[in-house]
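What follows is one structure encoded as structure tokens, with my remarks underneath.
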2 protein chains.
Amino acid sequence: MQSATEENYLKVIHHFSSGTNTRVLTNQLAEYFNSTPSSVTDMLARLSGKKLVNYKKYYGVSLSEKGKKLAVDIIRRHRLWEVFLAKKLGFAWDEVHPIAEEMEHVSSNALIERLDKFLDYPKIDPHGDPIPDKNGNYKPVVLQPLSELKEGDKAIISKVIASDATLLSYLKEHLLIPGSEIKLLALYSFDGSVDLMINNKKKIHISKDVAQKIVVK
Amino acid sequence: MQSATEENYLKVIHHFSSGTNTRVLTNQLAEYFNSTPSSVTDMLARLSGKKLVNYKKYYGVSLSEKGKKLAVDIIRRHRLWEVFLAKKLGFAWDEVHPIAEEMEHVSSNALIERLDKFLDYPKIDPHGDPIPDKNGNYKPVVLQPLSELKEGDKAIISKVIASDATLLSYLKEHLLIPGSEIKLLALYSFDGSVDLMINNKKKIHISKDVAQKIVVK
DNA sequence: AATTATTTTTAGGTTAGTCTAAATTTAGTT
DNA sequence: AACTAAATTTAGACTAACCTAAAAATAATT
Ligand SMILES: [Mn+2]
Ligand SMILES: [Mn+2]
Ligand SMILES: [Mn+2]
Ligand SMILES: [Mn+2]
């Protein structure tokens, strides 16, 4: 068995190695966890001992096959709980993450299978991220920033890259949230700002800066 | 904040002191947790330091007001999750406990309030135990063993005192489970055994021994 | 290539939660 | 009251998960 801390590490290593570059660095993890490089070294040695990661001193880590399986399963659990929180309990999409961060560590497999069924086998979570099935399979959704759309294009917002609270509440107020349908009415070449139609109901003008932080599919 | 271990202690101390006698003994807790008396002493000192229990060396512990509040809240969380697992996910009443034992430690209060609403404010859990409301109020259900009913009495099974797996599956097979309605058809004075009608559908004969383990209300 | 800066590991220490074995206190019994 | 038995605490040790400070390895610059 693995602890909640170990599960969190696996999930984050998976996240950081999910792009092109495969190895994950000690300082990267330390910064992410608001921890110290020495604590990370400690944990990487532990995970290596459990054959969950491939770890070379001074070089970096990657997930082993065993570790990758586990990481994907934890991501599955996390995202299913997020769907439950949003769809069944009525939490907003930006409230579910910290709660799911705890729920994902409840260990029962039967629980997750039944939850999956109860939710009618959802494919994406409230942030637009794909949910792996029980075999760990999922297809990464093709995403692009809103700023790359052309005039007339329609898309669904699937994610918002923002941690700033004032920006988040601004986006929320104007329904620039995951799930909303948008149409690009006009693109102003002089500053990259755009006019949008949101859910066929409301027009809005946003800067290029903000448009780059709204990810659509 | 308190750890999951501390929460488990508070809950169990509440359980053991819930009867007439108020003080809970070290060995009692050690046995319950399959732990050692010295580990318990250690934890009691910790809980005492947090003002969650009143603890006198060599004498025993009881919950402080603060500790009692917390204990009741953990019981609330536990039983609400049990209802969720049974009613929404379709788990059997005898499968929900170990899962709820983990879920009860998820810390969000908003989560529990929304869960309560989602479940339509249930008053009892799948074992027939009462669920405290958000202020910690609940009325202990008046319970008696089936063996104390008189001929002609009707009752609802609210709990089964059994850990033996063969007995549990026997009871399950014959629908002698929480929620079932039973009527006492005959009481045999020579050995205390009884004839029952279960859910107005099936007759069964059970020994006094088993009748004493079926709690009804 | 030598020096400097950055990254990472090692060394040593802390807290929560556990254990075994020994000492102590309380309870029970001649 | 003295002795024995049971319950409980203390002492000392261990692991997981953290930390700070120092040492070592790697990367970047002169
Ligand atoms: Mn987590
Ligand atoms: Mn998500
Ligand atoms: Mn628990
Ligand atoms: Mn219960």
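Numbered from 1 within each chain, the chains take letters A, B, ... in sequence-line order.
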Along DNA chain D, first and last positions that approach a heavy atom of chain A under 4.0 Å: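 Boundary nucleotides touching chain A, in 5' to 3' order, are dA16(D) to dT26(D).
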List the residues meeting side chain to side chain contact (heavy atoms under 4.5 Å, CB included) with Ile99(B), not counting sequence neighbours, and say none if there are none.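 Here the qualifying residues are Val106(A), Ser108(A), Leu111(A), Leu85(B), Phe91(B), Met103(B).
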Counting only N and O atoms by type, is there a donor-acceptor contact under 3.5 Å from the side chain of [X] to the main-chain atoms of [Y]?
{"X": "Thr41(B)", "Y": "Pro37(B)", "result": "yes"}
{"X": "Ser64(B)", "Y": "Leu52(B)", "result": "yes"}
{"X": "Glu173(A)", "Y": "Tyr170(A)", "result": "no"}
{"X": "Lys66(A)", "Y": "Lys50(A)", "result": "yes"}

Check side chain to side chain donor-acceptor pair (under 3.5 Å) between Ser147(B) and all other residues, then give those that pass, not counting sequence neighbours.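 Listed in chain order: nothing, the list is empty.
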Give the rounded distance in Å between these two atoms: [atom1] of [X] and [atom2] of [N].
{"X": "Leu25(A)", "N": "dT9(C)", "atom1": "CG", "atom2": "C1'", "result": "14 Å"}
{"X": "Gln2(B)", "N": "dG17(C)", "atom1": "CD", "atom2": "P", "result": "11 Å"}
{"X": "Glu7(B)", "N": "dG17(C)", "atom1": "CD", "atom2": "P", "result": "11 Å"}

Does anything in residues 31-42 of chain A come within less than 4.0 Å of DNA chain C? Heavy atoms only, and list the residues if so.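 Here the set is Pro37(A), Ser38(A), Thr41(A).
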Under 4.0 Å from any atom of DNA chain C, heavy atoms only: list the residues of residues 43-57 of chain A that qualify, in numerical order.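 The answer is Tyr55(A), Lys57(A).
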Measuring from His78(A):NE2 to Ile75(A):CD1, what's the distance to the nearest 0.5 Å?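 Reported to 0.5 Å precision, the distance equals 9.0 Å.
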Of all of residues 67-74 of chain A, which get a heavy atom below 4.0 angstrom from DNA chain D, listed by number?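 Close to the strand, none.
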Lys172(A) bridged to Asp94(A) by N-O distance under 4.0 Å: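 Salt bridge between Lys172(A) and Asp94(A), a charged N being under 4.0 Å from a carboxylate O: yes.
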SB check Lys11(A) Glu104(A) (cutoff 4.0 Å):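 A salt bridge is present here (some side-chain N lies under 4.0 Å from a carboxylate O).
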Parallel, tilted or perpendicular: ring planes of Phe16(A) versus Tyr32(A), cut at 30 and 60 degrees: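 Taking Tyr32(A) first and then Phe16(A), their aromatic rings stand perpendicular (interplane angle over 60°).
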Assign the ring pair Phe84(B) / Trp81(B) to parallel, tilted or perpendicular, where the plane angle (0 to 90°) is split at 30° and 60°.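 Plane angle over 60°, so perpendicular.
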Using salt bridge (Lys or Arg N to Asp or Glu O under 4.0 Å), reason through Glu65(A) and Lys51(A) one step at a time and then give a plain yes or no. CA-CA 9 Å; Glu65(A) 275 312 305; Lys51(A) 309 286 183 201; over 6 Å; no
5' priority, DNA chain D, between Tyr58(A) and Ala4(A) [closest heavy atom]: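 Residue closer to the 5' terminus by nearest nucleotide: Ala4(A).
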Short side-chain N/O contact from Asn27(A) to OP1 or OP2 of dT8(C), under 4.0 Å: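 Indeed, a polar side-chain atom of Asn27(A) lies that close.
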If you look at every strand shown and take non-hydrogen atoms under 4.0 Å, does Glu6(B) touch a base, only sugar-phosphate, or nothing?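 Answer is sugar-phosphate: Glu6(B) comes under 4.0 Å of backbone atoms only.
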List the steps, then state whether side chain to side chain contact (heavy atoms under 4.5 Å, CB included) holds for Asp129(A) with Ile124(A). CA-CA 5 Å; Asp129(A) 294 313; Ile124(A) 59 163; over 6 Å; no
